[in-house]
Every structure is written in C-alpha cells, then in structure tokens.
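Right, one structure below, let's go through it.
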Amino acid sequence: MVPPELIVGHGVMGRLLARICLAQGWPAPTVWETQPARRSGATGYPCVHPDEDTRKNYTSIIDVSGDGSILNGLISRLAPGGEVVLAGFYKQDLGFAFAPAFMREATLRIAAQWKKHDLLAVTALVERGALSLEGLITHTFDPGRARQAYELAFGDPQCLKMMIDWQA
C-alpha cells in the first residue's frame, strides 16, 4: 500500500487513517476539512481547509468525506500516475471529467468495508500503544434518549461517533 499523502475528511475515519499513518511510521498526511468545528484534534499532522493547500502533486489521496462532488477537484491535485481511493459513503452517483484523469493516468480505487485482517492490524497497533482511539467517540447517550442521540449524531458536525450505552 502506498501511504496516503492527502486524506479528505476529518471525521472518525479521517482521524483514524491519519493516526494509522503516524503509527506505521509513514510521513504525516495532510488532512482536508471544510467544517471549522472538525479541524481541531489533529495531532502530528496538519488539518486545513482545502483552499489553504496549493499542492497539486499528490500521489495518493483517500477521500472519506462522502462528498462525491469533489472528485474532479481531487483528480486535479494528483501527480501523474496518482491514485484516488474512494472510502466515503456517497449518496449520489459519482462522475468525473475523463480528460484530466486521462492526462494524469489516474487510478481510482474503491475501498471495501473493514475486513477481519484490518481489524486485527488496528487492534495490534492499539494494544502495543502505537495507536490511540482517544476522542473518536465524542458522545454517549442512554437508550431512553435515542431520539436525541440520532438527531445529534446526524446533525452536529462536532459529533464524530455516537455510542448508545445499554449497560444501565
């Protein structure tokens, strides 16, 4: 695997991917995030608004934003032979302008959901202290407040991941 140089989206997946890069000893990726509330929490890597980044020679970009409308913009930031990995959840059909992708000989790859070996690798990084999961679950509610929990989880950009605590 080519380490990502750019990660698009600073939600749970973007943070986790950036942390995994650092835990693997790879160079710190740049992370793009358009929502100011989600730009905090970057440790060891820069998290910036895309307009603040002028680089146009990324060899590996992973998009976890779920915003399919930015695909052309990502392709325009690739180095020749570069790759865009689509790892977000996209509600709309994706499309892109062929000519810029052709000129760069771009590769588009679709990431699948986590497999057992992925989970084991992440667990090993956590167990040896190389990867922190701190701050990824930002909110916890009891089941009696599930309606409020879902509203917050899907409506508040500061909510990265919601946990319903069934222990009580």
Side-chain angles (χ1 to χ4, degrees), residues 1 3-24 28-53 60-75 77 84-96 108-168:
M1 174 183 171
E5 295 175 324
L6 174 62
I7 297 169
V8 182
H10 201 229
V12 169
M13 284 304 299
R15 290 166 197 249
L16 188 57
L17 286 168
R19 292 176 187 185
I20 288 171
C21 289
L22 298 176
Q24 295 284 49
T30 297
V31 178
W32 284 358
E33 178 56 60
T34 58
Q35 296 185 38
R38 287 200 167 191
R39 277 190 226 124
S40 65
T43 303
Y45 58 91
C47 183
V48 299
H49 190 282
D51 293 343
E52 297 171 19
D53 183 7
S60 179
I61 299 172
I62 297 181
D63 176 47
V64 292
S65 72
D67 181 0
S69 70
I70 64 171
L71 187 52
N72 282 326
L74 298 181
I75 290 169
R77 299 297 192 106
V84 175
V85 178
L86 300 170
F89 179 77
Y90 305 94
K91 294 177 184 174
Q92 73 278 28
D93 290 345
L94 300 180
F96 62 95
L108 297 177
R109 188 162 46 107
I110 311 300
Q113 62 187 15
W114 291 77
K115 305 283 190 231
K116 184 176 182 177
H117 68 274
D118 299 318
L119 298 173
L120 292 173
V122 169
T123 300
L125 288 171
V126 171
E127 287 175 347
R128 76 170 201 250
L131 177 63
S132 170
L133 303 178
E134 186 175 329
L136 297 182
I137 297 173
T138 55
H139 295 78
T140 303
F141 280 82
D142 62 64
R145 297 185 58 209
R147 169 175 240 136
Q148 294 93 344
Y150 279 94
E151 289 172 3
L152 185 87
F154 294 106
D156 184 346
Q158 291 184 320
C159 181
L160 298 178
K161 278 295 173 196
M162 170 70 65
M163 183 171 68
I164 304 292
D165 185 352
W166 294 88
Q167 291 181 25

| field | From CZ (Arg77) to CD1 (Ile70), nearest 0.5 Å | value | 10.5 Å
| said: Quick check on side-chain contact (heavy atoms from CB on, under 4.5 Å): which of Ile137, Thr138, Val12 does Cys159 satisfy it with? | reply: Thr138
| Minimum heavy-atom distance Pro29-Cys21, with the two atoms named | CD-CB, 3.9 Å
| remark: Nearest heavy-atom contact between Ala23 and Ala130 is CB-O, 3.3 Å
| Separation between CG of Leu120 and NZ of Lys115, rounded to the nearest 0.5 Å | 13.5 Å
| field | Asp156 side-chain N/O to Ala153 backbone N/O, donor-acceptor pair under 3.5 Å | value | no
| Would Asp142 and Trp166 satisfy side chain to side chain contact (heavy atoms under 4.5 Å, CB included), going step by step from the backbone distance to the final call? | CA-CA 6 Å; Asp142 62 64; Trp166 294 88; over 6 Å; no
| query | Do any N or O atoms from the side chain of Tyr90 and from the backbone of Gly88 form a donor-acceptor pair under 3.5 angstrom? | reply | yes
| query | What are the two closest heavy atoms between Pro143 and Asp165, and how far apart are they? | reply | CD-O, 3.1 Å
| query | Tell me, do Ile62 and Val8 make a side-chain contact under 4.5 Å, heavy atoms counted? | reply | no
| query | Looking only at atom types and distance, does a side-chain atom of His10 sit under 3.5 Å from a main-chain N or O of Arg38, one as donor and one as acceptor? | reply | yes
| request: Measure from the side-chain N and O atoms of Arg15 to the backbone N and O of Leu160, and report whether any donor-acceptor pair falls under 3.5 Å. | output: no
| message | So for atom CD, which belongs to Glu134, do other residues, nucleotides or ligands contribute more than 12 heavy atoms lying within a distance under 6.0 Å? | response | no
| remark: dist Asp63:CG -> Leu94:CG (nearest 0.5 Å) comes out at 9.0 Å
| task | Mind checking the CG-CD spacing from Asp67 to Gln92? Nearest 0.5 Å is all I need. | result | 6.5 Å
| message | Just so I know, are the side chains of Glu5 and Thr30 near enough to count as touching, which here means a heavy-atom distance under 4.5 Å? | response | no
| note | d(Lys161 NZ, Thr140 OG1) to nearest 0.5 Å is 13.0 Å
| query | Where do Arg39 and Thr34 come nearest, in terms of heavy atoms and distance? | reply | NH2-O, 3.0 Å
| message | Strictly distance-based, threshold 3.5 Å: is any side-chain N or O of Gln35 a donor or acceptor partner for the main-chain N or O of Ala37? | response | no
| field | Audit row: Ile61, Val85, side chain to side chain contact (heavy atoms under 4.5 Å, CB included) steps and yes/no | value | CA-CA 6 Å; Ile61 299 172; Val85 178; over 6 Å; no
| message | If you apply the rule side chain to side chain contact (heavy atoms under 4.5 Å, CB included), what do you find for His49 with Trp32, and how did you get there? | response | CA-CA 5 Å; His49 190 282; Trp32 284 358; over 6 Å; no
| note | Heavy-atom nearest pair, Ile164 first then Ala149, reads CD1-CB, 3.6 Å
| note | d(Phe96 CZ, Leu71 CG) to nearest 0.5 Å is 6.5 Å
| Which atoms form the tightest heavy-atom contact between Val64 and Gly9, and what is the distance? | CG2-O, 3.8 Å
| field | Check: Ser132 main-chain N/O paired with Arg19 side-chain donor or acceptor under 3.5 Å | value | yes
| Run the side chain to side chain contact (heavy atoms under 4.5 Å, CB included) check on Leu22 and Tyr45 step by step: do they pass? | CA-CA 8 Å; Leu22 298 176; Tyr45 58 91; 3.9 Å; yes
